[in-house]
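Below you'll find the structure, written out as structure tokens, and then a few comments.
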Amino acid sequence: MKKVLIIGAGPAGLTAAYELLDKSTEYNVTVFEESDCFGGISRTVNYKGNRMDMGGHRFFSKVPEVNEWWEKMLPEQGEMPFDDIKLGRTSSVKQGGPDPEKTDRVMLRRNRLSRIFFNGKFFDYPISIKAKTIKNMGFSTTMLVGFSYLKTIVYKRDEKSLEDFYINRFGKKLYSMFFENYTENLWGRHPSEISPEWGAQRVKGLSIRAVIKDVFGKLFNTKNRKVETSLIEEFSYPKYGPGQLWELTAQEVENKGGKIIKNAKVVGIVKNDDNLISGVLYEKDGEKLEANGDIVISSMPIKDLVEGMKDVPKQYLDIASGLPYRDYMTVGVLVPHLNLKNETKIKTLGNIVPDNWVYVHDRNVKMGRFQIYNNWSPYLVKDVENTVWIGLEYFCSEGDSMWSMTDDEFAKTAIDEMVKMGLITNSDEVIDFHVERVKKAYPAYFDTYDNMDELREYLNSIPNLYCVGRNGQHRYNNIDHSMCTSFEAVKNILCGETNKDNIWNVNTEKEYHEETKKA
């Protein structure tokens, strides 16, 4: 029986473990997880009965294999959840599906609403074309946006940077309003310094033209209307947040005979003279231990993976060591209400604004986004009818001034910004708060990333190493794409395929992201 060592118990690592054990009895699988929980950045944190979703995760995919996998783990709701029942709202149900009020193993169907908060006003994300948008912008600004976009139709920039990418799709005026500052806040770099590949991957198919096309598709009820990922109106979501899916997957892995070692940080990779990995070194309870294996599937950051190997040629080590990341800090804040007025037609408990998350484009604060957990799932909030549980999100770099703050200092800074933005009147309204930090949450596309292809070729030259997932490939993947990298890796292992291009090609082609694969 071959020993497979899997580094990381996030979406990619746990998917790989489950798939191997589900499709074959020839593998002994061990998963090493640095923390004491499952899901990586897709974990759910339970603080006194109020749950936090790290980053916000909509479950939506155009890949049938992913949707079938989710349905197997968490079947789609067959009855309405608590808030829909209370408010008389409707959402999709699947005949024979579980009742969220009676069981926990269920995937809810949720209304999608993400907006931009700019100059104290809400704007649809993506920007919509309607009277409210024009009113919020003002007539003169709207005209500038329109003429700016028309200019891009005539004159296209050579896309050498993310700035060029955004301007080509939205025009310079809209870019300066809704993309420039937010992007710099997110990455700590101006968009002119970032590779356009990030935009091509994360904003595929989305542009003013796509928005106009979608508007007319709705207006005339166009059949077979293609919907860009960022334009979806409903999505799936685990009853208790994304971490619930990965906690359940971990249980299934162990039920199938897999072994998961928590609080086990992989710090080294052992290679033999034949350029094969023979094991990993990991730290647990203050001890450094070694585990031998025949195959390694890694979802750990490439930077750490390569630095943990010996005898790596300097050119590849330099690329890996220079790969940049952005880290993430969030504070969950419990308040009795928000000052934001619900001017939509969407009913909510307590009549709070119905957004899942809101992008903050206010140059006077450092906040990047805020989530309203009540709207993701009523089961995330202990007293969903009388309190609002909101997550204030910040982007930073490990070791910088923000990261180095104590939890209390960071929470005070974030709550003060809530007051400045008018979300609450004063800090005395805060009932409770909880801070979380996530290292290497966002692999970035600058510095030595330009030489990533060279590093990929080196990693592919190691026959029994498979790199999967967001950090495992240094690619800003969604959950479904991270899972797909593991699907492909497992297929290769089971059939003995040595070419790994299929694993790395997940989420690189535009058609993959925009259209459902035809059977």
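Along the sequence shown, residues carry numbers from 1.
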Write down the atom of [X], the atom of [Y], and the distance for their closest heavy-atom approach.
X	Y	result
Pro100	Val106	CA-CG1, 4.0 Å
Met329	Trp403	SD-CA, 3.6 Å
Arg369	Gly55	NH2-O, 3.4 Å
Ser148	Lys172	OG-N, 2.8 Å
Ala411	Val331	CB-CG2, 4.1 Å
Ser427	Val419	N-CG2, 3.9 Å

Is a side-chain donor-acceptor pair under 3.5 Å present for [Y] with [X]?
X	Y	result
Thr348	Asn374	no
Asp53	Thr44	no
Asn356	Gln371	no
Glu197	Tyr449	yes
Trp70	Asp480	no
Asn492	Asn502	yes
Gln77	Tyr237	no
Glu488	Trp504	no
Arg58	Ser114	yes
Ser236	Arg110	no
Ser161	Asp164	yes

Would you give the length of the straight line joining atom [atom1] of [X] to atom [atom2] of [Y], rounded to the nearest 0.5 angstrom?
X	Y	atom1	atom2	answer
Thr90	Asn111	OG1	CG	9.5 Å
Asn471	Ser298	CG	OG	9.5 Å
Ser42	Gln244	OG	CD	13.5 Å
Phe117	Met421	CZ	CE	5.0 Å
Leu317	Lys303	CG	NZ	9.0 Å
Trp187	Tyr445	CH2	OH	7.5 Å

ring-ring contact (aromatic ring centres under 6.0 Å, His included) evaluation trace for Tyr182 with Tyr359: CA-CA 8 Å; Tyr182 179 84; Tyr359 298 95; 5.5 Å; yes
Quick check against the 3.5 Å criterion: does [X] have a side-chain atom that pairs as donor or acceptor with the backbone of [Y]?
X	Y	answer
Lys86	Leu349	no
Ser321	Asp318	no
Ser377	Lys239	yes
Glu184	Pro191	no
Gln473	Cys467	yes
Glu497	Asn499	yes
Glu417	Thr413	no
Arg115	Trp357	no
Asp327	Glu398	yes
Asn505	Asp501	yes

Parallel, tilted or perpendicular: which fits the ring planes of [X] and [Y], with parallel below 30° and perpendicular above 60°?
X	Y	result
Tyr442	Tyr476	tilted
Tyr325	His474	perpendicular
Phe395	Tyr328	tilted

Less than 4.0 angstrom from a charged side-chain N to a carboxylate O is my criterion; do [X] and [Y] meet it?
X	Y	answer
Lys412	Asp416	yes
Arg112	Glu233	no
Glu71	Lys94	yes

By salt bridge (Lys or Arg N to Asp or Glu O under 4.0 Å), Arg363 pairs with (sequence neighbours left out) none
Does the pair Leu162 and Phe179 meet the rule for a side-chain contact (heavy atoms from CB on, under 4.5 Å), with working shown? CA-CA 10 Å; Leu162 186 58; Phe179 293 95; over 6 Å; no
More than 12 foreign heavy atoms under 6.0 Å from NZ of Lys151: is that the case here? no
Would you say Lys491 has more than 12 foreign heavy atoms packed within less than 6.0 Å of its NZ? yes
Could you give me the CA-CA distance, side-chain angles and deciding distance for Tyr458 and Tyr316, then say whether ring-ring contact (aromatic ring centres under 6.0 Å, His included) is met? CA-CA 7 Å; Tyr458 171 74; Tyr316 304 121; 4.7 Å; yes
Applying side-chain contact (heavy atoms from CB on, under 4.5 Å), run through Met367 and Asp362 and close with a yes or a no. CA-CA 8 Å; Met367 191 186 303; Asp362 186 339; over 6 Å; no
Please report the C-alpha distance between Glu163 and Arg189 in whole Å, then the side-chain angles of each, then the deciding distance to 0.1 Å, and finally whether the salt bridge (charged side-chain N to carboxylate O under 4.0 Å, His left out) criterion is met. CA-CA 11 Å; Glu163 180 174 61; Arg189 297 283 183 94; over 6 Å; no
Show your working on side-chain contact (heavy atoms from CB on, under 4.5 Å) between Ser397 and Asp400 and close with a plain yes or no. CA-CA 6 Å; Ser397 296; Asp400 69 11; 3.8 Å; yes
Applying salt bridge (charged side-chain N to carboxylate O under 4.0 Å, His left out) as the test, list every pair that has at least one member in residues 339-353; sequence neighbours left out. Lys132-Glu343
Between Tyr373 and Arg51, does a side-chain contact (heavy atoms from CB on, under 4.5 Å) hold up when you go through it step by step? CA-CA 8 Å; Tyr373 298 118; Arg51 292 174 167 83; over 6 Å; no
